[in-house]
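A, B, ... follow the sequence lines: proteins, then strands. Residue 1 opens every chain.
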Number of protein chains: 2
Amino acid sequence: MTKPLIKTMEELSVAIGVSRPTLSRYFQDSKSVKASTVARIEQGLAQVEYVPNFFATRLNRKTRGIIGVIIPYLNDLFFTKLLQGIEVAAMEAGLTVITQCSHSDPAIEARAAETFMSMNVDGALVAPLGDHSDQAVHLRLKSRLPFVLMDSRPKTMPDVDFVGTNHRQSTGLITEYLCRVGDPPVFLAMPRVNFNALERETAYITTMQRLGFEPRVIGTQLLSENWHFEEHGEAVLDAEFGRGRLMESSILCANDRVAIGALHAASRHGLKPGRAEQGGLRIAGHDDYPLCPYMNPALTTVAQDTDAIGRKAVSRILQIIHGETDSETPELTLFDGALKLRESA
Amino acid sequence: MTKPLIKTMEELSVAIGVSRPTLSRYFQDSKSVKASTVARIEQGLAQVEYVPNFFATRLNRKTRGIIGVIIPYLNDLFFTKLLQGIEVAAMEAGLTVITQCSHSDPAIEARAAETFMSMNVDGALVAPLGDHSDQAVHLRLKSRLPFVLMDSRPKTMPDVDFVGTNHRQSTGLITEYLCRVGDPPVFLAMPRVNFNALERETAYITTMQRLGFEPRVIGTQLLSENWHFEEHGEAVLDAEFGRGRLMESSILCANDRVAIGALHAASRHGLKPGRAEQGGLRIAGHDDYPLCPYMNPALTTVAQDTDAIGRKAVSRILQIIHGETDSETPELTLFDGALKLRESA
DNA sequence: TCCTCCCTTTTACATGCGTAAACGTACAGG
DNA sequence: CCTGTACGTTTACGCATGTAAAAGGGAGGA
């Protein structure tokens, strides 16, 4: 059961009688070696314990076969879904994904970027921290390797590749829906952890104005800077409901996690959000968080196509790597959101 | 703004007039170099663009400063919380964490293990896939480097370090609670994605028997092997409620995500789970999923101490690395669960 | 038989840095 | 003045592979 441990390719080559360079070629692309030799190598490999050294292979190879991903926060299913899309796409392309979480800390984000540069990764995919990100870090990454921003885009970096959701369309879509089948909604803002927070707020306002309604934003007072979205949503609406306000309003939440908190506040105050035909309170979200269908009531929302975003981000990185792009003109890819009509609005 | 790019430590050493070995020492531990020299190095560093090559440093260093983590599934906040605990603890210890997700696929898990061995990581932390994991892979990892299992433990690997929750205690705790303040509960099983599924079921049964009640397990029929727990919980109870059964029962779900599905099924059938004093249906879960307080009704559950598990896993790995352990006697660390009484039971 | 082609081996060098030993240098204490 | 110490430098080698060029060997065709 316990096979002899072989540490270097050199040892392996003498052990199975094949030259080391041939072994090197075999491990990189077995098809570049004659079938009979492949058979001999694999027969020998089956009888020993050996794996090529990751660092030695990467040190001198032209390409690392690695892309680095930075996400700002782990405990959010939106980012795990995005990550999953990326990993699947990368796997299909034969790339190893190294993920680092910045834990909402720009210093950690900077360190992760440093790590990627020191690894000479083939490309970096970054979901930034909003204002908190050190933009110099992003610029440094961009100047040294293929670089694509995801999810949230700083206005101050216009010439960077970006993949995300068209929040003007998505937020506009649900705002229009709410206006069409009931009272025009108020907008429950989210903590300003990234640029999307403001982008959705703006999209809401312009859509309302276009439709001839008066926009109204709430929840901007106690905007903390953390990721406790549910807590925020609940606190804001608990205060409003407690004063007898907004109890029959339409409320569009900046994201689903805020909306989940909002739903809970409603429930605590004996309110039942539902479609307009039933009259009264409506609550809607944004993102299509995986748990939306299981909320009580099930949460109406706009879906972000995280899978498409992940795939596109990877394919764009591959384009840049392969030089199939005019590096001077960055690509801006925005996917549309899709309405998910459920019970809550 | 654009500093000259320096690729090797050699170049750097001539650029700032310090010998390369001294630079090497500086980058590993700046305190091992005289303060005045440190100042000179850092002054020089500020004027150029240089990071030491990750692979070259790891290739020849005695220790990699890396621990590898494998989790089975990303889109589950339990694992992201666990991962966060691990990352924080590792960061404090100065270790880099490389995380790989096996996406419920034993082949991917095996590849991740292979990667870790090829990286010669200082240790590997693995949350396994239950029966689906290839145990040979785990044994191979264990034979080659410090290895600690987390979360879910195969009975067939008794002599391996493990950190997780004492499910006998935790499940017993909530079973006792439910029995004490209302009807003895039935147990709504979860898909058998890992060993915890069965462990909790067993703990439920023995607790019921000890208390002199008749155990009853439901949801074992349509047990698929995927991670769509909410869907499972909802489907099982939808079927039961549809036949007018269990509508005033106490239902202990194998985990919170199953319970979230259960809550939704109840809501769809016009049922309102609540504490026993109100009579009727009760629903409880297990894990203390972050969204539990925001469910309608808020979900009563038992909390797993993911933070403690993550920290302990890292500290155990560090113990093994530093040889402060009798490697022959593996350590089994089980943290107790804590009741979280909310509205649903 | 000879030539050619394809595959493999050999040879040689490169990658960027860790590490250890020997050596040099300056400073403080005796 | 001598000596010990602390810190740096120099020198030399090692790490486990990639890569390129040249050389070798066997099979097939002319």
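- Put simply, B/Lys62 has no side-chain N or O that comes within less than 4.0 Å of OP1 or OP2 on D/dG14.
- At the heavy-atom level, A/Pro21 lies under 4.0 Å from base atoms of the strands shown.
- Distance alone, capped at 3.5 Å, is enough to place a donor-acceptor pair between the B/Asp122 side chain and the B/Arg64 backbone.
- Backbone-only contact: A/Tyr50 has heavy atoms under 4.0 Å from sugar-phosphate atoms and none from a base.
- Between the CG atom of B/Leu23 and the P atom of C/dC17 there is a distance of 10 Å, given to the nearest Å.
- Of the candidate nucleotides D/dG18, C/dG16, D/dT9, D/dG18 has the atom nearest to the side chain of A/Thr57.
- At the phosphate of C/dT8, neither OP1 nor OP2 sits under 4.0 Å from any side-chain N or O atom of A/Ser19.
- A donor-acceptor contact under 3.5 angstrom links the side-chain atoms of B/Arg20 to the base of C/dG18.
- Ring centers of A/Phe116 and A/Phe147: at least 6.0 Å apart, outside the cut-off.
- Considering only side-chain N and O atoms, B/Thr22 lies under 4.0 angstrom from the phosphate OP1 or OP2 of D/dT9.
- The closest side-chain donor-acceptor pair between B/Gln100 and B/Thr115, if any, does not fall under 3.5 angstrom.
- Taking 4.0 angstrom as the limit, A/Gln28 places none of its side-chain polar atoms (N or O) nearer than this to OP1 or OP2 of D/dT17.
- Straight-line distance from the OH atom of A/Tyr26 to the P atom of D/dT17: 15 Å, rounded to whole Å.
- For the pair B/Phe54 CZ and C/dG18 P, the computed distance is 13 Å after rounding to whole Å.
- One finds no side-chain N or O of A/Thr8 lying less than 4.0 angstrom from the OP1 or OP2 phosphate oxygen of D/dA16.
- Side-chain atoms of B/Asn60 and base atoms of C/dG18 include a donor and an acceptor less than 3.5 Å apart.
- Between A/Arg311 and A/Glu92, at least one side-chain N (NZ, or NE/NH1/NH2) sits under 4.0 Å from a carboxylate O, which counts as a salt bridge.
- A salt bridge links A/Glu331 to A/Lys312: one of the charged nitrogens lies within less than 4.0 Å of a carboxylate oxygen.
- The distance between atom CG of B/Leu12 and atom C1' of C/dG18, rounded to the nearest whole Å, is 16 Å.
- If you measure from atom CG of B/Asn53 to atom P of D/dG18, you get 15 Å, rounded to the nearest angstrom.
- For the OP1/OP2 pair of D/dT17 and a distance below 4.0 Å, the side-chain nitrogens and oxygens of A/Ser24 include no atom meeting the criterion.
- Using a 4.0 Å heavy-atom criterion, one finds that A/Arg25 contacts the bases of the nucleic acid, with or without backbone contacts as well.
- Rounded to whole Å, the distance from CD on B/Glu10 to P on C/dC17 is 9 Å.
- One interatomic measurement links the two molecules: NZ of A/Lys7 to C1' of D/dG14, which rounds to 13 Å at whole-angstrom precision.
- Residues B/Ser36 and B/Leu59 both approach DNA chain D. Their nearest nucleotides, taken by heavy-atom distance, put B/Ser36 toward the 5′ side.
- Rounded to whole Å, atom C1' of D/dA16 lies 17 Å from atom CE of B/Met117.
- Closest of all the heavy-atom pairs between A/Val160 and A/Met157 is CG2-CE, 3.3 Å.
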